[in-house]
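Single-structure report; data block below.
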Amino acid sequence: MSVFEAADFDNHDEVVFVNDETVGLKAIIAVHNINRGPGLGGMRMRPYKNSKEALQDVLRLSKGMTYKAAMMDVKLGGAKSVVIGDPRKDKTPELLAAMAEAIDHLGGRYIAGEDIGTNPLDMKELKKGTQYVSCLREEDGGLGDPAPITALGTMHAIKAGLNHCNNSVDLNGVHVAVQGVGNVGEDVCRQLSEAGAKITISDVYPDVVERVAKQYNADVVAPEEIYDVDADVFSPCAIGAIVNDDTISRLKVKIIAGSANNQLATEAHGQQLAEKGIVYLPDYVANGGGNIVCAAEWYKEGFGGVLAQVAKIYDTCTEILEYAKTNNTATNFAANKIAEERFQN
Ligand code: NAD
């Protein structure tokens, strides 16, 4: 199969396959669209079943980055990279050096950041071989971990949803079900707890879920039961494709707003949510806070304007909700339309 025939190919500018047998590197870098600026996106490392699965992931994720950057109004385009391998076993300095060389060859059309399976220390390692890296620790010249900023943006999206449904952004007594309490999800719980929300959580790691539940006085359900929780808000902060044919009929919430990428299994599931009366805040808007801080780091703007820019996620969500209502369309289609107007011109 050629990349042009792949189901998720979306007229991407450039898709580069990287193969370096001497260090065991098999990677794909996808640059979706760089009309607004260089394509910034995480470098994901996972033991993909095969290259088809890796290609599908990188094509979808890089496209999402274009839409995210446009909605966050940063001077960035969309790109992403995936490395096929187990980060705990296969991530060697040699592999990272080879990946840095491949990134450098793209001459700045792709800027790498952290993602699943990579971290700020890996970015430091990449930096030895290329300048086109972001998401570094403060001690390495960066603006630090983007996760708390992503969580802050997710809170703004939740509040925009609440205002739409309740005419109030007050979280006191509002019940939120959080799926996944890792870097972002735990910070969402912290902020929800401070605002007096009732919290129910799930995670696949029992020790993590126990610690977070205790700290923020949250109820716990098994991972598979999170879709059945009778809450006001569902906040997916773990994996993608969790709004799908199996889960959609089980959801009892009024609002979905979370940090996970690609929450809808397909765009049609966004339409189904709208038909069910569930207000869906599109993932690439609700999780755009990290993109804002990485852009500020890349352009050496410092942290000064970041929080004000992240607060605009509330206004962007409101704009999407109004556009969807006026045009009688689902929020995911509304967001896509607004983003496309911003990056296609
Ligand atoms: P993380 O790996 O720290 O946390 C994810 C958590 O989800 C982990 O604790 C994991 O055990 C849990 N999990 C995995 N599968 C689960 C399941 N089926 N049910 C319940 N829990 C499950 O990752 P993170 O940095 O917190 O990111 C969370 C999501 O947000 C990811 O989809 C990521 O791509 C997205 N995101 C993160 C950022 C960021 O700044 N970190 C930015 C944008 C988007």
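Every number for a ligand or one of its atoms is a count from 1 in the order of the listing. Heavy-atom basis, side chains included; hydrogens, waters and symmetry copies ignored.
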The single option from Asp230, Thr200, Asp232 passing side chain to side chain donor-acceptor pair (under 3.5 Å) against His175: Thr200

Is the shortest distance from a Lys or Arg side-chain nitrogen in Lys91 or Asp122 to a carboxylate oxygen in the other one below 4.0 Å? yes

Let me check something: do Trp298 and Val31 share a hydrophobic cluster, defined by ILVMFWY side-chain heavy atoms less than 4.5 Å apart, either directly or through other members? yes

Using a strict 4.0 Å threshold on nitrogen-to-oxygen distance, state whether Asp140 and Lys127 make a salt bridge. no

Under a 3.5 Å threshold, I'd like every N/O contact between ligand 1 and protein atoms, with atom names and distance.
residue	atom	partner	partner atom	Å
ligand 1	3 (O)	Asn183	N	3.0
ligand 1	3 (O)	Asn183	ND2	3.1
ligand 1	9 (O)	Asp203	OD1	3.3
ligand 1	9 (O)	Asp203	OD2	2.7
ligand 1	11 (O)	Asp203	OD1	2.6
ligand 1	26 (O)	Asn183	N	3.1
ligand 1	26 (O)	Val184	N	2.8
ligand 1	30 (O)	Ser259	O	3.1
ligand 1	30 (O)	Ser259	OG	2.9
ligand 1	32 (O)	Ala238	O	2.7
ligand 1	34 (O)	Asn261	ND2	3.1
ligand 1	40 (O)	Thr150	OG1	2.7

Output yes when Arg250 and Glu224 qualify as a salt bridge under the 4.0 Å nitrogen-oxygen rule, no when they do not. yes

The ring pair (Phe, Tyr, Trp, His ring centres under 6.0 Å) partners of Tyr284 (sequence neighbours excluded) come to Tyr67

